[in-house]
Asker: 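Below is the structure I would like to discuss, written out as structure tokens.
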Amino acid sequence: MHSLSTMERKRYAVIVAAGSGTRMNSKLPKQFIEIAGKPLLRHTVERFLAMSVPVDIIIVMSDEYKEYWKAYCRRNDFLEKYVLPTGGFTRFHSVKNALEYVPDGALVAVHDGVRPFVTPEFLEGLFQEAEKCGAVAPAVPLVESIREVDGDGSVPADRSRFLSVQTPQVFHSEILKKAYRQSYDTSFTDDLTVVQKAGYPIKTVEGLRYNVKITTPEDLELAEALL
Ligand code: C5P
């Protein structure tokens, strides 16, 4: 069992699950779709609960689904203690709402509710790295050839110049909270971008190739096979 030294910051996980999942073509948002007998969101939360150091869970959800989720948790004896703030207009606004529940001086991981394949060991490593450097995110090199759309056609691009960024992204909470005081910018599709725009140094570490974001119906089939 891991012992909490006085040097370590308390840990929070903000799991964003307030998207409507328009690319999934399903009425039920993808985070609630059941795979291997459990909603995707539950698989994701369980990865955090399996870490050796305790973490406070904050799930951001639209008001429309809160009763549905609470009833699910009650019926299945899942997750007694958690906070359930309301989602916002974009992911940025959803995270901002969640940060109201995170104090300064902690570590906070922000993770997509639809990335159920992250492992507890990998999470542990990210939290430890964030403790040291303040702002860290996993990223993987591109494996496919890429092309830049140019009018009706496309031109080749150099893939070695790009990384594909994943979640969770983990931060000293006072850094993330300060960064989220900026006004919204359309480039804010993840947290690392918000923190870097605020002027803080950031770090990327090698991500897990299978830590994919379940986005399309094909991804769901993949998830079913893997889980
Ligand atoms: O839309 P996208 O795939 O980028 O969403 C990434 C994550 O952000 C998903 O887990 C989704 O539920 C969440 N999200 C949110 N609030 C929004 C939009 C997306 O919590 N307004």
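Numbers here are sequence positions counted from 1. In listed order, ligands and their atoms are each counted from 1. Just so you know, these numbers come straight off a predicted model, no measurement behind them.
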Asker: Which of the atoms in ligand 1, numbered in the order shown and given with their element, are less than 4.0 Å from a heavy-atom of F89?
Answerer: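 Per the distance check, 21 (N).
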Asker: Tell me which one of V140, V212, T204 satisfies side-chain contact (heavy atoms from CB on, under 4.5 Å) with Q166.
Answerer: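 Answer to the side-chain contact (heavy atoms from CB on, under 4.5 Å) test with Q166 among V140, V212, T204: V140.
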Asker: Starting from atom 12 (O) of ligand 1, which protein heavy atom do you reach first, and at what distance in Å?
Answerer: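 Going by distance alone, atom 12 (O) of ligand 1 is nearest to G19 N, 2.9 Å.
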Asker: Quick one: look up the protein heavy atom nearest atom 3 (O) of ligand 1 and list residue, atom name and how far away it is.
Answerer: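 It is R23 NH2, 2.9 Å.
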Asker: With a 4.0 Å cut-off, would you call D191 and R91 a salt bridge?
Answerer: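 Salt bridge between D191 and R91, a charged N being under 4.0 Å from a carboxylate O: yes.
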Asker: Just need the protein heavy atom nearest to atom 20 (O) of ligand 1, so name the residue and atom and give the distance.
Answerer: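 Going atom by atom, the protein heavy atom closest to atom 20 (O) of ligand 1 ends up being A18 N, 3.0 Å.
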Asker: Tell me whether R42 forms a cation-pi arrangement with F78, defined as NZ or CZ under 6.0 Å from the six-membered ring centre and within 45 degrees of its axis.
Answerer: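 Relative to the ring axis of F78, which defines the angle, R42 lies inside both limits.
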Asker: Inspect the contact between E174 and K177 and indicate whether a charged nitrogen and a carboxylate oxygen are less than 4.0 angstrom apart.
Answerer: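 No.
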Asker: Contact between A17 and ligand 1, counting heavy atoms under 4.0 Å?
Answerer: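 Checking ligand 1 against A17, which is what was asked, there is a heavy-atom contact under 4.0 Å.
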Asker: Please answer whether the main-chain N or O of G105 pairs with a side-chain N or O of S173 as donor and acceptor at a distance below 3.5 Å.
Answerer: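 Answer holds: yes.
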Asker: If we only consider heavy atoms of V114, is any one of them less than 4.0 Å away from an atom in ligand 1?
Answerer: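 It does; at least one heavy atom falls under 4.0 Å.
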Asker: Out of all atoms in ligand 1, which are within 4.0 Å of some heavy atom of G88? Include the element for each.
Answerer: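 Counting atoms of ligand 1 from 1, those under 4.0 Å from G88 are 21 (N).
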Asker: Could you check which of M61, K213, Q31, H111 puts a non-hydrogen atom nearest to atom 4 (O) of ligand 1?
Answerer: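 It is K213 that holds the nearest heavy atom.
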Asker: Got a list of side-chain donor-acceptor pairs under 3.5 Å for residues 148-155, not counting sequence neighbours?
Answerer:
residue, atom, partner, partner atom, Å
S154, OG, R147, NE, 2.9

Asker: Looking only at protein heavy atoms, identify the closest one to atom 10 (O) of ligand 1 and say how far it is in Å.
Answerer: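 I find the closest protein heavy atom is V16 O, 2.7 Å.
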Asker: List, by chain and number, the other hydrophobic cluster members for F162, where Ile, Leu, Val, Met, Phe, Trp and Tyr join if side-chain heavy atoms come within less than 4.5 Å, directly or indirectly.
Answerer: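 Besides F162, the cluster holds L142, I146.
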Asker: Check the orientation of Y65 and Y68. Use parallel for under 30°, tilted for 30 to 60°, and perpendicular for over 60°.
Answerer: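 Perpendicular, since the angle between the ring planes exceeds 60°.
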Asker: Just jot down the ligand 1 atoms closer than 4.0 angstrom to any heavy atom of G113, in number order.
Answerer: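 In order of numbering, the contacting atoms are 10 (O).
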Asker: At a 4.0 Å cut-off, with the gap strictly under it, does some heavy atom of H93 reach an atom of ligand 1?
Answerer: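 Outside the 4.0 Å threshold, so no.
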Asker: For ligand 1, find out whether one of its N or O atoms is nearer than 3.5 Å to an N or O atom of V60.
Answerer: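 No.
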Asker: If you draw a 6.0 Å radius around OH in Y101, do more than 12 non-hydrogen atoms from other residues or ligands fall strictly inside?
Answerer: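 Not buried by this count: 12 neighbours or fewer within 6.0 Å.
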Asker: Which word best sums up how the rings of W69 and Y82 line up, parallel for under 30°, tilted for 30 to 60°, or perpendicular for over 60°?
Answerer: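 Judged by the thresholds at 30° and 60°, the geometry between W69 and Y82 is perpendicular.
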Asker: Closest non-hydrogen protein atom to atom 18 (C) of ligand 1, residue and atom name please, with distance?
Answerer: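 For atom 18 (C) of ligand 1, the nearest protein heavy atom is R91 N, 3.6 Å.
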Asker: Within ligand 1, which atoms have a heavy atom of S94 less than 4.0 Å away?
Answerer: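 By the 4.0 Å cutoff, the relevant atoms are 15 (C), 16 (N), 17 (C), 20 (O), 21 (N).
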Asker: Just heavy atoms, cut-off under 4.0 Å: does T90 contact ligand 1 by side chain, backbone, both, or neither?
Answerer: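 Backbone only; the side chain of T90 stays clear of ligand 1.
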Asker: Please report which non-hydrogen protein atom sits nearest to atom 7 (C) of ligand 1, along with the residue it belongs to and the distance in Å to one decimal place.
Answerer: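 The protein heavy atom lying closest is D112 OD1, 3.4 Å.
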